[in-house]
Structure formats: C-alpha cells, structure tokens
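Written out below as structure tokens is the structure these notes cover.
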Amino acid sequence: MRTRYCGLLGEKDLDTQVTVCGWVAHRREHGEHLAFLDVRDHTGIVQCVVDGALEARTEWVVCVTGMLRRRPAGTENDSLGTGTVELTECTLVVLSAAQPPPFPVEDRIEADEALRMRYRFVDLRRPRMQRNLRLRSKVLESLRMSMVERGFCEVETPLLWTPTPEGAREFVVPSRLRRGECYVLPQSPQIAKQLLMVSGMDRYFQVARCLRDEDLRADRQFEFTQLDMEASFVNAEDIRRIVADMVQRAISCVTGSHPDPVSTITWKESMDRFGTDKPDLRSPMELIDLTQCFAATEAKALSGPCVKALVVKGSGGAGQVGISRNTLDGLVEHARKLGGKGLAWFRVKDETPGSVELDSPLAKFLSTDEQDGMIRACNVSAGDTVLVVSDAWRVACEVMGGIRALLLSGVAGQKPANGPGTGADGTGEDTVQGRNMSLVWVIDFPLFDGVDDAGNLVSAHHPFTMPHPDDIGLLDSDPTSVRSLAYDLVLNGWELGSGSIRIHDPQVQRRIFSALGLSDEDAASRFGFLLDAFRYGVPPHGGFAIGVDRLVALLAGESSIRNVIAFPKTQTGYDPLTGAPKEVSPAIMAELGMSFRGVRQGTG
RNA sequence: GGUCCUGUAGUGCAGCCUGGAGUGCACGUCGGCCUGUCAAGCCGAAGGUCGCGGGUUCAAAUCCCGUCAGGACCGCCA
C-alpha cells in the first residue's frame, strides 16, 4: 500500500511516483480547484496538492499516491523537514473517516492530562509522545544489546509470586484453584534473580515489570519497568562498571554524544556536600560546614551539633541586597516542612566602603569573630546571601539539601534545572540534543537506616545486602555506622537505580536477621525458600536494577514518567481510558470465594 | 491520612480579588467565498449544568461550607 514514509521524503525522491499513508494533519482550502493536505505519519508531515473538491478532513486516514515535485519557487517551508517538496497529481483514497479529535493532535497545545488519558490513542499520535515512545524503545534496545554482548541471559520470572521481604505494599491476586489463598505481584524480581544465581545462570537480566501498591507521583506509577540484572562471582566494582557502561551507551545512543565518566561519591560525603543521597552535580553549589565557626556561639539558633550553610550568589553589582524578604520567608517555611526548626539567613551588604556587614535578625547575637569567620568560610561579598541551618548532622544536611534542590529548581532567580518536579515545560521544544547529563555513583550506604518502634534495626536496602567487609566487626558494637556494599546510580538528581552485593554466607545472614529482630523461624517463614536454596551451593553474587521510566523521562526532557508510558494511571490509580479499576461480576467473586464489605470507595 | 494548585463552549484561556443578564478572546467545528497555502485568509453560524451539592444575599461563575475529579508535594515508596 505504502511506498514511502511522509517525513522521509526529500529531494532525492524528486519526480518519482510515491504512495504515502497517514492522518490528515491540516487542510488548507483555496476554492474548488485547489487544497493542500498535510499528511502525517510517525516520521513527519508531507504536503499534498489535491483537487479542492476532494473531501478529506482533519485526522481522516488517507492513502495518497502522487508525483513528488520540487515546490514552486517562493513556496518552500523552512519549518518543515519536507518543506522543499510536495506531492502533486495526487489520487487520494480515504481509508477511514474520523470525528474531530477531542483536542488538537499537536505539541503546541497542552491539553488537560485526564482528557489526554481518556483519549490516549489520540494523545499518542502527537509528535512529542511518538518521539517519547520511540526513544523508550531505543533505550530498551540499547540496554538489551549491552547485556547480551556481556554474556547476560534474559530470563523471565513470575508475575504471580509470593510476598517477599521488601518494604512496599503489594498487589494481591486471589487464587481460584486454591480458594482463600493469594498470589502477590512482584515489587521486583529480587528473590527470583538470586535463585537464578544459585541455578548457575551466572549472568541474568530482564526487562522486568515491577508492581507496588503505593501512592502515585510524577516519578512513580503502580507498574514500572526495571532493567534488572544479577551476576555471579563479581564484586561491586564489576557491577558498577557494567551498569555505567550500559547506561552511558544508552544515553549516547539517543543523544549522540558520550556522557562524562561516572563519578563516585560516598554516601557520607554526598550528605555532607549536597545534603542528599541523590545529588544533582550539574550545579557546583555545595553545603558549607560552619560547625567549627559557631562552636562557642551565644546565638541559640546556631548552637546545634552541626551547622550547614549555602551561599546564594548575587549578581555582583553595586548596591545588591541579596534575596528578597518574600523569597527568604518562603525558604524558611520550606525548611520547616523539611523537618528543620527553621532557617537562618544573612544578607551581605557593603554600606561602609571597604568592608561588608551582615543583614540578619541574628546578626546582633554573633560576635565579630563569628561574623568574620562565616564571611571568610563562605567566601561571600556584597549581594550574596548565606542560608544556615543548625541541627543534628543528618537533619542539618537534609534540610539544606532540600533548600539546595529548591534553589536549583528556580526559586530565588536561580537557573532552573531538569529534575524532579522541574524540567520540561510541555512545549516539546526541550530536545535531547546537548542535554547535560550528570551521572554519579553513591556508594558506602549505611547498612541500617535507624531503628523501628520495636527497637530493631531497619534495613536501608534489603536484608540480603552485604555489609562492608571493613565494618563487619562493628555489627554488634556500633551497628548504625556499618556501611554496606550497596550503591545507587544517580542522574541529574534522580535515583536511576540501586543494587548491592548480596550476602551468601549463612553466618553473616543470621547475624543480620538477628539485628533486624528476625528469629530463625520468622526468616524461614518469610523467605525460607531462598535460605533453603542457599544451602545447595550459592555463588557470591550481586546486581543492580535501572529504573527505565525515569531514565527515559530524563532523556526525553519530561518531568513526569507518565509521558514516557503508553497507558499510565492518574494519581488515584484510575485509568480514564478503560475505566479500571472496576467491580467484577458476582459470578467471578463467587468463584474466588470473595465478597466486599461496605461501600465501594472509588467513583469510576 | 495531610498540605497546596486547578475545574468557565469540543480545546486552550480571560472574567473571580472588589457579587449585578452565560461576559469575552483564540483555536477547533459547521456553512459560504477563495488557484500557492503551510498555526492559510475573509464572511457567517452553531456551540455553556461556569465540575457537583448546600449556604449567605434582593441578586452568586464571583463570597462561605461540603463534595467529586485532575495535578504538585508530605506521609508512604527497602
């Protein structure tokens, strides 16, 4: 039927007869003898010159056969890839008429997202969404190729699975044949892939669907995709090298330019310098430690065990006053939301020639030495603003990290950065080319993440994460300072994925379970099948999982992963296209031996 | 469970703060004109439960309360 794609036609095809198929993007009528039809397929648009009497309206599906000619001089269109040519002497076959679309099939108009989901089949026709889905396919292809070339074997693991020790709420699937019992959908193939290592698969990977029944966000959907991998007889560096190569190759495959080498930072250093375990390194802005400076201060607001500061540079001109009071008030409020007691601020002024002074409600509580010390440590000059938090180390870091992220997102006149909650403005003009990609490994995470209500330690990663060999001795004496062989890959402030070396030594595993407050019986009942498997010869192993949705969203310049997923759900887990979730028939419920109590919550 | 933003014609918006007739703009749709446009142009027409419910008021798109839907975020997501 078709001999060419619309958007690929060019001067090389001049004076040949071609047939294109697609949707009518625009129709421009010039009376009964002339009309222009822009025919669109996924490659682009070509102009067809047709008789004005031919009926073909917007979004009708047509097949046009004609001669490709150079456009008459002066009628070329620079903004169209095929703008120097057009199809003439056309015969047009209408393959399908169409109602007017519920919203324009153009990137220019940003339709309501619920409406886009209701008519997702039309939404996906838009060039931006076509580009996103095809970019996703290219990324997956590249990732798969990297895995296969390195000897990884693709294995599919069950979707109907069993509860596992990970932390997320699971989707439950009632069993018909075993009435009263349920499967759960896997949050990740974690346990299955470790079993595959016991099986001698050596190197496994999978483009795995993962399901978690947790609240949705711009970067979270119930179902999401991981490039999941696991390898035997490797150390953490081996895994990181494989993953970094794979991700860099995927990035360069869609951007055309090779990203910078992946830097590495320890979790402790990342918290100290950037106030987060997923630092966005595209900005040089770092936290400054002022703990020493205020070690003996009279100012109660700055007398905490740790003092962290950020400097917001002014534009350097004379008479600068720094950040406005309004913006500062917003930052203070944000600091409280982040768990801080508040946020101190100091605006640097130079009202007296040759020296600077600090404009702040707190200035009068600071000694001259403390003021000078802060000015020196922060290397500030007139027009700059210093933001300071004093609290326990972790709180101080996290609050300032949150403030840093807010500043980088464009508050206080800072340059906007692409990342969570920011980025693409929906115009589709934000292209992949030249996008700055900053990849960083965060390593040496703490093995435990605090203590739960019952006084038991809580795994930071999962209970099979190997403790750092240098810290095994601290397991009993100082467990919260034990590091693990877990590592995260961070891209522009987004956690792209995480992995670890797993425990394969039953002695170590028992000590970890005990620290987590798990008895042998508890462990056996929750994941006994894995521990059982480990008794039959388990190789040392470790792995990683890459969040494909987030990777693609970052590469596409999208601030929501919904724009790189064909059929996503709304924030309340509703699918406006299909109406899911829905009630099921009484017959099905009866077969499952189930009934619902009380009224239905959703409204459909 | 919570905080915030949004809801007005098929679509995107303005009107709301400061109450006075469904008030307006652009696109689209339908009809007419038009032989070189390309976000075509010109003329005309149709198209509205101002999300829904209640309250205040002589009078509510506008103010108040509730509710539903969408979105951002917190909690949650090892």
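As rounded to the nearest Å, B:rG47 and B:rC30 have C1' atoms that lie 10 Å from one another. Across B:rA61 and B:rA14, the matching C1' atoms stand 12 Å from one another, rounded to whole Å. With both ends at atom P, the span from B:rU6 to B:rG24 equals 24 Å, rounded to whole Å. On the C1' atoms, B:rU56 is 8 Å away from B:rC63, given to the nearest whole Å. Rounded to whole Å, the separation between the P atoms of B:rU8 and B:rG70 comes to 15 Å. The separation of B:rU62 from B:rG22, taken at their P atoms, amounts to 12 Å, rounded to a whole angstrom. Across the C1' atoms, B:rG36 and B:rA45 are found 28 Å apart, a figure rounded to whole Å. For the C1' atom pair drawn from B:rC17 and B:rG12, the interatomic distance equals 23 Å after rounding to whole Å.
When every heavy atom of A:R209 is checked against every heavy atom of A:T225, the shortest pair comes out as NE-OG1, 3.4 Å.
For the pair A:R217 and B:rG75, the criterion of a side-chain N or O lying under 4.0 Å from OP1 or OP2 is not met. Taking only side-chain nitrogens and oxygens, A:R118 never comes nearer than 4.0 Å to OP1 or OP2 of B:rA69. For the OP1/OP2 pair of B:rG28 and a distance below 4.0 Å, the side-chain nitrogens and oxygens of A:T58 include no atom meeting the criterion. Contact annotation: A:R28 side-chain N/O to B:rA40 OP1/OP2 distance is under 4.0 Å. Residue A:Q47 places no side-chain N or O under 4.0 Å from the OP1 or OP2 atom of B:rU37.
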Every protein N/O lying under 3.5 Å from an N/O of nucleotides 45-48 of chain B:
none

Protein-nucleotides 6-13 of chain B N/O pairs closer than 3.5 Å?
unit_1	atom_1	unit_2	atom_2	d
B:rG10	O2'	A:P102	O	3.1
B:rG12	OP1	A:D112	N	2.7

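Aromatic rings of A:F513 and A:F527 (six-membered ring for Trp) have centroids within the 6.0 Å cut-off, being under it.
With rounding to whole Å, A:D215 atom CG is found 12 Å from B:rG2 atom P. We find that CD of A:E106 is positioned 12 Å from C1' of B:rC38, with the value rounded to whole Å. The interatomic distance linking A:Y574 (OH) with B:rC68 (P) rounds to 15 Å, in whole Å. Straight-line distance from the CG atom of A:L216 to the P atom of B:rA72: 9 Å, rounded to whole Å.
For RNA chain B, the neighbouring residues in residues 67-86 of chain A, judged by any heavy atom under 4.0 Å, are A:R71, A:P72, A:T75, A:E76, A:N77, A:E86.
At the heavy-atom level, A:R57 lies under 4.0 Å from the strands shown only through sugar-phosphate atoms. Residue A:H26 is in sugar-phosphate contact alone, with no base atom involved, counting any heavy-atom pair closer than 4.0 Å across all strands shown. Across all strands shown, A:S498 has no heavy atoms under 4.0 Å from either base or sugar-phosphate atoms. Contact annotation for A:E32: no contact, since no heavy-atom pair falls under 4.0 Å across all strands. Among the atoms of the strands shown, only primed sugar atoms or phosphate atoms (P, OP1, OP2) are found under 4.0 Å from some heavy atom of A:R562.
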Start with the C-alpha gap between A:Y5 and A:H42, add the side-chain angles, then the distance that decides, and say whether ring-ring contact (aromatic ring centres under 6.0 Å, His included) holds. CA-CA 8 Å; A:Y5 284 107; A:H42 73 269; 5.2 Å; yes
Show the numbers, then the answer: is there a salt bridge (charged side-chain N to carboxylate O under 4.0 Å, His left out) between A:E495 and A:R550? CA-CA 8 Å; A:E495 181 190 323; A:R550 289 179 184 178; 5.1 Å; no
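Side chains of A:L310 and A:I403 form a contact here, defined as non-hydrogen atoms less than 4.5 Å apart.
A:D575 contributes no side-chain N or O that, together with a main-chain N or O of A:A580, makes up a donor-acceptor pair within less than 3.5 Å. The backbone N or O of A:T157 lies less than 3.5 Å from a partner atom in the side chain of A:Q206, making a donor-acceptor pair.
Residues A:D549 and A:Q221 have side chains that never bring a donor and an acceptor to within less than 3.5 angstrom of each other. Looking at A:Q194 and A:E230, their side chains never bring a donor and an acceptor atom within 3.5 Å of each other.
Between A:Q47 and the choices A:D38, A:N77, A:L87, the side chain to side chain contact (heavy atoms under 4.5 Å, CB included) rule is met once, by A:D38.
Between A:F36 and A:A114, it is A:F36 whose nearest contact on RNA chain B lies nearer the 5' terminus.
A:R220 contributes a side-chain N or O that forms a donor-acceptor pair with the base of B:rC77 under 3.5 Å.
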